[in-house]
Amino acid sequence: MEKDNPIQDVVSQFAISGELIGSEVIESGHINATYIASFQKRDGRVERYILQRINGDVFLDPPAVMRNVEMVTRHINEKVMRMKRDQGGQTLNLYPARSGQFYITGKGGGLWRCYNFIEGCKTYDIVENTRQAYQAAHAFGSFQDLVADIALDEIHETIPDFHHTPKRFQRLMEVAEQDSHGRRVDVQPELDFVKEREGIVSKLIDLKEAGMLPERVTHNDTKINNVMMDIATDEAVCVIDLDTVMPGLSLYDFGDLVRTAVSPAAEDERDLSKVEMRMPMFEALAQGYVDACSCLSDMEIKHLVFSGKLISLEIGMRFLTDHLEGDVYFKTHREGHNLDRARTQFKLVELIEAAEPEMERFVQKLVKG
Ligand code: ADP
Ligand code: GN1
Ligand code: MG
């Protein structure tokens with residue numbers, strides 16, 4: 001194992017039996033540091049675990065994040081067991097540390113946790129077929145139903161105003177004004193694009209404040225690579241990345257599925273002609289989410305299309321903000337990475353705008369009463 005690999009120290013603090021025989025980094029998330037650790041057990045079996053350092057710059061109160069994750073995993077596990085639905089299935093579980101807590105502090109600081117490795121599964125950055133889209137949306141819809149009866153005041157707001165789109169808009173305008181890295185000159189068309197859409201940014205928040213959309217315990221980061229899919233069957237097995245579970249709106253959850261599943265292009269694709277709004281994928285997402293999530297109101301269903309457009313704009317604004325601020329939030333792997341990501345998001349907004357009537361026609365059929 002390399003010298004600066006932190007895993008040896010971290011695993012020694014978790015109550016895992018057997019011998020550590022290897023570890024590797026997982027590169028796919030933008031926020032936390034994630035590793036797989038393989039352990040050889042006494043009987044020769046090899047078992048894998050996920051070790052994750054919570055990003056303390058993004059989550060300012062990591063123990064509060066852990067409290068939420070503990071509560072949500074326990075809640076879901078108990079329910080799934082009661083329903084006897086987990087025969088052969090897998091759920092996300094935290095492993096205890098030797099201290100009895102569910103996290104430890106690493107040598108260089110930082111809070112680490114350990115999860116069971118969800119076996120036989122993978123995550124997709126790009127959805128390949130409508131079954132995957134349906135399955136992923138169904139999993140997040142079921143997740144919404146499963147956590148629907150956790151009291152809102154039990155769940156800590158791990159990142160305040162995470163999906164407050166008007167505040168994200170405001171922040172982008174401030175950062176553009178400050179122009180701390182002299183990058184504004186390259187992004188005027190993108191800033192104009194956002195300003196032209198200022199009128200839509202507060203729509204969902206306004207509906208919530210008017211009591212027309214319910215606040216629920218929501219996942220808040222439902223991108224497609226946050227659900228583990230069975231490699232052999234494309235069945236969605238387990239929702240992961242629970243750090244942003246907070247009180248919120250279901251529509252932001254559905255919207256992020258649309259953002260990350262309808263296009264065959266990568267989130268950071270430079271060739272914008274590859275970005276697409278694939279109607280069959282949208283239909284599979286909407287059907288899967290509505291089929292699984294029995295708590296959705298008609299008001300929520302009526303805004304499914306809008307939510308995909310809004311969150312694509314919101315995440316595009318966040319990438320653009322980070323670009324202007326000098327890439328301090330999202331992990332980046334090349335120059336202009338956040339700007340490339342912002343551009344794909346804005347392209348998707350345009351494509352959704354063009355397809356809106358057709359998308360709305362499909363959603364109309366799903367409204368219950
Ligand atoms: P981030 O917040 O950085 O996105 P995630 O919790 O989503 O972190 O983890 C990053 C990646 O690690 C996931 O996309 C998935 O591929 C993998 N991963 C995370 N948890 C597990 C798990 N319990 N079993 C298997 N793979 C996992
Ligand atoms: C981050 O952690 P990850 O990669 O699943 C981000 C999301 C963004 C997403 C964009 C805590 O998600 O909000 O939508 O990148 N998570 C956090 O790809 O900010
Ligand atoms: Mg993730």
Side-chain angles (χ1 to χ4, degrees), residues 23-38 47-60 62 65-66 68-69 72-73 90-95 112-126 136 140 157-165 168 218-231 236-246 248 252-253 255-261 263 266-269 308 310-323 327-333 337-338 340-342 344-345 348:
S23 70
E24 57 184 285
V25 182
I26 300 187
E27 300 281 6
S28 70
H30 290 342
I31 304 295
N32 296 314
T34 308
Y35 296 80
I36 306 175
S38 302
E47 211 157 294
R48 298 193 285 178
Y49 299 82
I50 287 286
L51 288 148
Q52 213 169 35
R53 191 182 65 234
I54 299 178
N55 184 329
D57 296 325
V58 166
F59 297 100
L60 299 182
V65 170
M66 289 308 295
N68 284 359
V69 174
V72 171
T73 49
Q90 301 180 76
T91 51
L92 194 64
N93 292 284
L94 286 165
Y95 271 74
W112 288 80
R113 63 187 160 207
C114 178
Y115 286 120
N116 56 314
F117 187 90
I118 308 292
E119 292 289 353
C121 293
K122 62 182 276 194
T123 50
Y124 292 89
D125 291 331
I126 295 171
F140 280 113
E157 194 178 8
T158 52
I159 303 181
D161 297 323
F162 191 59
H163 285 307
H164 196 297
T165 320
R168 296 287 189 185
T218 48
H219 184 283
N220 295 303
D221 190 1
T222 55
K223 72 196 243 194
I224 211 72
N225 70 14
N226 284 332
V227 55
M228 306 289 310
M229 319 275 295
D230 188 296
I231 292 168
V237 171
C238 186
V239 165
I240 59 167
D241 205 347
L242 305 178
D243 302 331
T244 50
V245 170
M246 285 182 271
Y252 280 109
D253 277 5
D256 216 21
L257 281 163
V258 175
R259 178 183 79 80
T260 55
S263 178
E267 192 181 55
D268 57 1
E269 176 59 57
L310 185 67
I311 199 153
S312 303
L313 183 67
E314 180 188 289
I315 306 298
M317 292 193 298
R318 288 178 60 198
F319 285 141
L320 187 56
T321 302
D322 202 28
H323 175 70
D327 307 310
V328 290
Y329 185 94
F330 296 103
K331 285 184 203 163
T332 50
H333 305 290
H337 206 165
N338 274 314
D340 293 338
R341 290 168 175 156
T344 60
Q345 303 310 296
L348 187 59

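By convention here, the first residue in the shown sequence is residue 1. Numbering of ligands and ligand atoms starts at 1, following listing order.
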* Closest protein heavy atom (residue, atom, distance) for atom 19 (C) of ligand 1 -> Ile240 CD1, 3.6 Å

* Does the N or O separation between Asp243 and ligand 1 drop below 3.5 Å for any pair? -> no

* Would you say the side chain of Leu94 lies within less than 4.5 Å of the side chain of Met66, judging by non-hydrogen atoms? -> yes

* Asked: Angle class for the His30/Phe319 ring planes (parallel below 30°, perpendicular above 60°, tilted otherwise)?
  -> perpendicular

* Asked: Is a side-chain donor or acceptor of Asp268 paired with a backbone partner of His337 at a separation under 3.5 angstrom?
  -> no

* Asked: Please state which protein non-hydrogen atom is closest to atom 18 (O) of ligand 2 and give its distance, to 0.1 Å?
  -> Glu267 OE2, 2.6 Å

* Asked: Is any side-chain heavy atom of Phe162 closer than 4.5 Å to a side-chain heavy atom of Thr218?
  -> no

* Asked: Does any N/O atom on Asn226 come nearer than 3.5 Å to any N/O atom on ligand 2?
  -> yes

* Which heavy atom of the protein is the closest neighbour of atom 12 (O) of ligand 2, given with residue, atom name and distance? -> Asp221 OD2, 3.1 Å

* Asked: Hey, does Glu267 have a side-chain heavy atom less than 4.5 Å from the side chain of Asp125?
  -> no

* **Atoms in ligand 2 with a heavy atom of Phe59 nearer than 4.0 Å** => 11 (C)

* Relative to the heavy atoms of Gly29, which atoms of ligand 2 are at a distance of less than 4.0 Å? -> 4 (O)

* Structure fact -> When every non-hydrogen atom of Gln345 is compared with those of Ser312, the smallest separation belongs to CB-O, 3.3 Å

* Asked: When you check the side-chain N and O atoms of Thr34 and Gln52, is any donor under 3.5 Å from an acceptor?
  -> yes

* Min side-chain heavy-atom separation Val65-Phe59 under 4.5 Å -> yes

* Got a sec: is Asp221 within less than 2.8 Å of the Mg ion (ligand 3) via an N/O/S atom? -> no

* **Element-labelled atoms of ligand 2 that are located less than 4.0 Å from some non-hydrogen atom of Ile315** => 14 (O)

* To do: Say whether, by atom type as modelled, one donor and one acceptor occur between the side chain of Lys331 and the main chain of Asn32 under 3.5 angstrom.
  => yes

* Protein heavy atom at shortest distance from atom 2 (O) of ligand 2 -> Ile31 CG1, 3.1 Å

* With heavy atoms of Met228 as the reference, note each atom of ligand 1 found under 4.0 Å away. => 25 (C), 26 (N), 27 (C)

* Asked: For ligand 2, is there an N or O atom under 3.5 Å from any N or O atom of Asn220?
  -> no

* For ligand 1, which atoms have a heavy atom of Ile26 less than 4.0 angstrom away? -> 11 (C), 12 (O), 17 (C)

* Asked: Which atoms of ligand 1 sit under 4.0 Å from any heavy atom of Asn226?
  -> 7 (O)

* Structure fact -> With heavy atoms and a 4.0 Å threshold, my read on which part of Arg341 contacts ligand 2 is neither

* To do: Report the nearest protein non-hydrogen atom to atom 9 (C) of ligand 2: residue, atom name, distance rounded to 0.1 Å.
  => Lys223 NZ, 3.7 Å

* **Which residue and heavy atom of the protein sit nearest atom 24 (N) of ligand 1, plus the separation** => Ile118 N, 2.9 Å

* Can any side-chain N or O of Asp253 pair as donor or acceptor with the backbone N or O of Phe140 at less than 3.5 Å? -> no

* Nearest non-hydrogen protein atom, atom 22 (C) of ligand 1 -> Ile50 CG1, 3.3 Å

* Counting only N and O atoms by type, is there a donor-acceptor contact under 3.5 Å from the side chain of Thr244 to the main-chain atoms of His219? -> yes

* Asked: In terms of side-chain heavy atoms, does Glu314 have a donor or acceptor partner in Thr165 at a distance below 3.5 Å?
  -> yes

* Any heavy atom of Arg259 sitting closer than 4.0 Å to ligand 2? -> yes

* Any donor-acceptor pair under 3.5 Å linking the side chain of Asn225 with the backbone of Lys223? -> no

* To do: Check the pair Arg168 / Thr321 against side-chain contact (heavy atoms from CB on, under 4.5 Å), numbers first and verdict last.
  => CA-CA 9 Å; Arg168 296 287 189 185; Thr321 302; over 6 Å; no

* Structure fact -> For atom 8 (C) of ligand 2, the closest protein heavy atom turns out to be Arg318 NH1, 3.9 Å

* For ligand 1, which atoms sit closer than 4.0 Å to a heavy atom of Leu92? -> 23 (N)

* **Atoms in ligand 2 flagged as close to Phe319, the criterion being non-hydrogen separation under 4.0 Å** => 10 (C), 18 (O)

* **Test of proximity, Thr244 against ligand 2: N or O pairs below 3.5 Å** => no

* Write out the residue and atom name of the closest protein heavy atom to atom 16 (O) of ligand 1, then the distance separating them to 0.1 Å. => Thr123 OG1, 2.9 Å

* Asked: Quick one: which ligand 2 atoms are inside 4.0 Å of a heavy atom on Tyr329?
  -> 11 (C), 17 (C), 19 (O)

* **Closest approach of any protein heavy atom to atom 3 (O) of ligand 1, naming residue and atom** => Asn32 N, 2.9 Å

* Under 4.0 Å from ligand 2, counting heavy atoms only, is it the side chain of Gln345, its backbone, both or neither? -> neither

* Asked: Are the side chain of Asn55 and the backbone N or O of Val58 linked by a donor-acceptor pair below 3.5 Å?
  -> yes

* To do: Tell me which protein heavy atom sits closest to atom 15 (O) of ligand 2, plus the residue, atom name and distance to 0.1 Å.
  => His30 CD2, 3.3 Å

* **Contact atoms of ligand 1, heavy-atom distance to Ser28 under 4.0 Å** => 11 (C), 13 (C), 14 (O), 16 (O)

* Asked: Considering only N, O or S atoms, which atom of Asp241 is nearest to the Mg ion (ligand 3)?
  -> OD2

* To do: Output the list of atoms in ligand 1 that are nearer than 4.0 Å to some heavy atom of His30, sorted by atom number.
  => 3 (O), 4 (O)

* To do: Please round to the nearest 0.5 Å and tell me the distance separating atom CD1 of Ile54 and atom CD1 of Ile31.
  => 12.0 Å

* Would you say the side chain of Ile36 lies within less than 4.5 Å of the side chain of Ile50, judging by non-hydrogen atoms? -> yes

* When you measure from atom 10 (C) of ligand 1 to every protein heavy atom, which one gives the shortest distance, and what is it? -> Thr34 OG1, 3.8 Å

* To do: Give the atoms of ligand 1, by number and element, whose distance to some non-hydrogen atom of Asn116 is under 4.0 Å.
  => 22 (C), 23 (N), 24 (N)

* May I ask you to check if any N/O/S atom from Ser28 comes under 2.8 Å of the Mg ion (ligand 3)? => no

* Structure fact -> Going by the 4.0 angstrom heavy-atom rule, the piece of Asp241 near ligand 2 is side chain

* Taking distance alone, with no angle check, do Asn225 and ligand 2 share an N/O pair under 3.5 Å? -> no

* **Any donor-acceptor pair under 3.5 Å from Asp322 side chain to Phe330 backbone** => yes

* To do: Examine Phe117 against ligand 1 and note whether any of their N/O atoms are separated by less than 3.5 Å.
  => no

* **Exercise: identify the closest heavy-atom pair between Ala136 and Val227** => CB-CG1, 3.9 Å

* At a 4.0 Å threshold, what atoms of ligand 1 neighbour a non-hydrogen atom of Gln52? -> 5 (P), 6 (O), 8 (O), 9 (O)

* Nearest protein heavy-atom contact for atom 4 (O) of ligand 1: which residue, which atom, what distance? -> Asp241 OD2, 3.0 Å

* Would you mind reporting whether Asn220 and Val245 have side-chain heavy atoms less than 4.5 Å apart? => no

* Can you tell if the side chain of Thr332 reaches within under 4.5 Å of the side chain of His323, non-hydrogen atoms only? -> no

